[in-house]
Amino acid sequence: MTHDPADLTASDYLDGAREMTAANRPFLAHLLAEEAARLTADPATAAGIRASFPDPTTAREETD
């Protein structure tokens, strides 16, 4: 494990996002996935990452 965040790869961030999803921490999963997408060179792959970990604050439905 690295101690320097600059050494982390997109794969490292995706692993963290999956762990946060398993721990029921969707917002942290989203943030980690956003960083993974930012580090991904292929736009289609980055879009797929973002789609897999949507922002939970925009996915909520308001009830009246």
Side-chain angles (χ1 to χ4, degrees):
M1 179 170 186
T2 182
H3 293 286
D4 184 357
D7 292 338
L8 294 173
T9 66
S11 179
D12 294 326
Y13 283 105
L14 277 176
D15 289 343
R18 289 184 195 103
E19 288 176 20
M20 290 300 104
T21 298
N24 198 29
R25 305 294 303 264
F27 190 69
L28 290 175
H30 166 72
L31 292 176
L32 290 164
E34 278 296 317
E35 187 61 15
R38 188 185 71 78
L39 294 173
T40 301
D42 179 42
T45 302
I49 291 169
R50 287 184 175 101
S52 296
F53 299 93
D55 184 348
T57 61
T58 60
R60 290 192 292 188
E61 293 183 18
E62 298 295 324
T63 58
D64 293 328

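Basis for what follows: all heavy atoms, side chains included, without hydrogens, waters or symmetry-related copies.
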Chemist: Side-chain contact, heavy-atom cut-off 4.5 Å: Tyr13 with Ile49?
Modeler: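 Contact flag for Tyr13/Ile49 side chains = no.
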Chemist: Are more than 12 heavy atoms, taken from residues, nucleotides or ligands other than Arg50, located less than 6.0 Å from that residue's CZ atom?
Modeler: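 Yes.
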Chemist: Taking all heavy atoms of Ala46 and all of Thr40, pick out the closest pair and write down the distance.
Modeler: N-CG2, 4.0 Å
Chemist: Name all pairs fulfilling the salt bridge (Lys or Arg N to Asp or Glu O under 4.0 Å) condition that reach into residues 36-49, sequence neighbours left out, sorted by first residue then second.
Modeler: Glu35-Arg38
Chemist: Ala17 and Leu32: which non-hydrogen atoms are nearest, and at how many Å?
Modeler: N-CD1, 3.7 Å
Chemist: Pair Asp55, Phe27 - check side chain to side chain contact (heavy atoms under 4.5 Å, CB included), show working.
Modeler: CA-CA 7 Å; Asp55 184 348; Phe27 190 69; 3.9 Å; yes
Chemist: Counting N and O atoms only, with roles assigned by atom type, does the side chain of Asp12 sit under 3.5 Å from a partner on the main chain of Thr9, one being a donor and the other an acceptor?
Modeler: yes
Chemist: Testing the basics here: between Leu14 and Ala36, what is the closest heavy-atom pair and its distance to 0.1 Å?
Modeler: CG-CB, 3.8 Å
Chemist: Can you check whether Met20 reaches Pro26 side chain to side chain, under 4.5 Å on heavy atoms?
Modeler: no
Chemist: Of all the heavy-atom pairs spanning Pro56 and His30, show the shortest one and how long it is.
Modeler: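 Looking at all heavy atoms of both residues, the shortest contact is CD-CB, 4.0 Å.
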Chemist: Starting from the C-alpha separation in whole Å, work towards a yes-or-no answer on side chain to side chain contact (heavy atoms under 4.5 Å, CB included) for Phe53 and Arg18.
Modeler: CA-CA 9 Å; Phe53 299 93; Arg18 289 184 195 103; 4.2 Å; yes
